[in-house]
There are 2 protein chains.
Amino acid sequence: MAKKNRKTCDVPDATIHRLPLYLEKLKMLQAIGVEDVSSRQLAESLDIKASQLRHDFHYFGGFSRPGRPYQVTKLVPALEKIIGISVPQPTAIIGAGHLGQALANYQNLDLQGFPVKGIFDTNPKLIGLEMRGQPVQDMDDLEAVIQREGIKIAILTVPATQAQVVADRLVAAGVIGIFNFAPTDLKVPEGVAVRNERLAVGIMSLSFKVKCILQAQEGEDAQAEEL
Amino acid sequence: MAKKNRKTCDVPDATIHRLPLYLEKLKMLQAIGVEDVSSRQLAESLDIKASQLRHDFHYFGGFSRPGRPYQVTKLVPALEKIIGISVPQPTAIIGAGHLGQALANYQNLDLQGFPVKGIFDTNPKLIGLEMRGQPVQDMDDLEAVIQREGIKIAILTVPATQAQVVADRLVAAGVIGIFNFAPTDLKVPEGVAVRNERLAVGIMSLSFKVKCILQAQEGEDAQAEEL
DNA sequence: GCTGTATGGTTAATTAAATAACAGCGTGGC
DNA sequence: GCCACGCTGTTATTTAATTAACCATACAGC
């Protein structure tokens, strides 16, 4: 049994990152009443190859059988189970600065299976403020709330200087997944997953491509003048 | 010449995404007065292989020569030039909701070469509010500001329903790089770069790993009981 | 009932990325 | 002067991811 579990977890990162996209698109289809969808239809709407989609699904044994398209109403819960959000996954936000507030107010978090069960900060001016119906709490209560609510996933939006200290406390309190928005690499023990979300990487890689586009246009202009 | 430019742009995405990490770490080294750094040192601090780092640098012709380590003071501006931030890259934020506010107040944007030269929204309650020294402007002024400031990169933090309409306006006004935070795929003409930043993908892939860790622990516990 | 067409599962082939290996250079010690 | 060591640039190898090809099944039309 454990062997089977390990098998469904030995999946490439690239595939894992596509699962939320599949789920999102399928939920849309479900919302507009679509019952069946073929791998080709779903893949085309996501701008990927159908064979890749089927290959991804194959890691989990497949969700249909030859000759039959996928049934949206069965695929959605199947993916939710694989992703781990069949039951809501209580989440905490650490750091109620602008970014923390933005995430706390991002209602899709709740809708997508990650209800925010605690918002924390050290700033006395923020503590007590209500965000989405719940008050910002003092960091002193961090461990108590995490354990009471059974929180396994935390969103870290504190300054880089404090990120490691807070992460250590989170891990000690039982958190095993940290969504890190601080521009720092966290050191965590084995058995804890970290995902770093770096704004700088995103905008800089975009800048690189913009620079390339501009250079290409200049190149074309120069070429045009030469003629 | 155009050929050389094209060459420096024909680089794998995986490499492009590492350039900001290199730059960030090098700036840290520069700040504490480090002059030289070897590929091994730099790679180890980023938890990657030295051969990968040299391989990445090789796409751009290399930044040193055999026998000599990299000079931090030369590498930093070289990477900045490659990324396209030798001169500040004026940027606009479209959508002054919570996320837009968070990004507008994220001072690192300025420091890292992306000064915010315009913040826009349609909500009359937000227009005029000051954020980081500049007022939220009416969307009606979007095109004028983009052209006056020469903005090529825009950060899109509007609701998904409006994302495409706004993107079309941005492109028409001359923007060629869109950092899209709306959970929608944008259709843009060739010669425009889009980077989608999806919160949902990040937290769901984290959830997947958390689920796997929990299952592995249960497996171990079960195994322990069997003994 | 049969056939043509479309479907997903599965395996093979291709492509891309990460890693290792090597060649040539520079420096410091003796 | 020369040798040992460490360094980068470059190429080769290995590994991973993507794409294509194929097979067996299901269904619609006749």
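When reading the values below, keep in mind they use all heavy atoms of this one structure, side chains included, and skip hydrogens, waters and symmetry mates. Labels below follow one simple rule: chain letters A, B, ... track the order of the sequence lines, proteins then strands, and each chain is numbered from 1.
Chain B approaches DNA chain C over the interval C:dA17 to C:dT27, counting the first and last nucleotide 5' to 3' with an atom under 4.0 Å from its heavy atoms.
Mapping B:Val37 and B:His55 onto DNA chain D by nearest heavy atom places B:Val37 closer to the 5' end of the strand. Map A:Pro66 and A:Gly61 each onto its nearest nucleotide of DNA chain C; the residue landing nearer the 5' end is A:Pro66. Place A:Ser51 and A:Gly67 on DNA chain D by their nearest nucleotides, and A:Ser51 ends up nearer the 5' end.
Salt bridge B:Asp36/B:Lys74: absent, no basic N to carboxylate O contact under 4.0 Å. Using a cutoff of 4.0 Å between basic side-chain nitrogens and carboxylate oxygens, A:Lys209 and B:Asp13 are scored as salt-bridged. Using a cutoff of 4.0 Å between basic side-chain nitrogens and carboxylate oxygens, B:Glu197 and A:Arg198 are not scored as salt-bridged.
The closest donor-acceptor contact from the side chain of A:Gln164 to the backbone of A:Lys187 lies under 3.5 Å.
One interatomic measurement links the two molecules: CZ of A:Arg40 to C1' of D:dT19, which rounds to 15 Å at whole-angstrom precision. In this structure, CG of A:Asp36 is placed 15 Å from P of D:dA26, rounded to the nearest angstrom. Between A:Arg18 atom CZ and D:dT19 atom C1' the separation is 11 Å, expressed in whole Å. Rounded to an integer number of Å, the gap from B:Gln52 CD to D:dA16 P is 14 Å.
Side-chain contact between A:Leu170 and A:Ile94 is present, with heavy atoms from C-beta onward closer than 4.5 Å.
A:Phe63 comes within contact range of the sugar-phosphate backbone alone, with a heavy-atom separation under 4.0 Å but no base atom that close. Across all strands shown, A:Ser38 has heavy atoms under 4.0 Å from sugar-phosphate atoms exclusively, and none from any base.
At least one side-chain nitrogen or oxygen of A:Arg65 sits closer than 4.0 Å to the OP1 or OP2 atom of D:dA26. Contact annotation: B:Tyr70 reaches the phosphate of D:dG9 (side-chain N/O to OP1 or OP2, under 4.0 Å).
In this structure, a donor-acceptor pair under 3.5 Å is absent between the side chains of A:Asp10 and A:Tyr59.
Candidate nucleotides D:dG9, D:dA26, D:dA24 were compared by shortest atom distance to the side chain of B:Arg54, and D:dG9 ranks first.
Aromatic ring orientation, B:His58 versus B:His55: tilted (interplanar angle from 30° to 60°).
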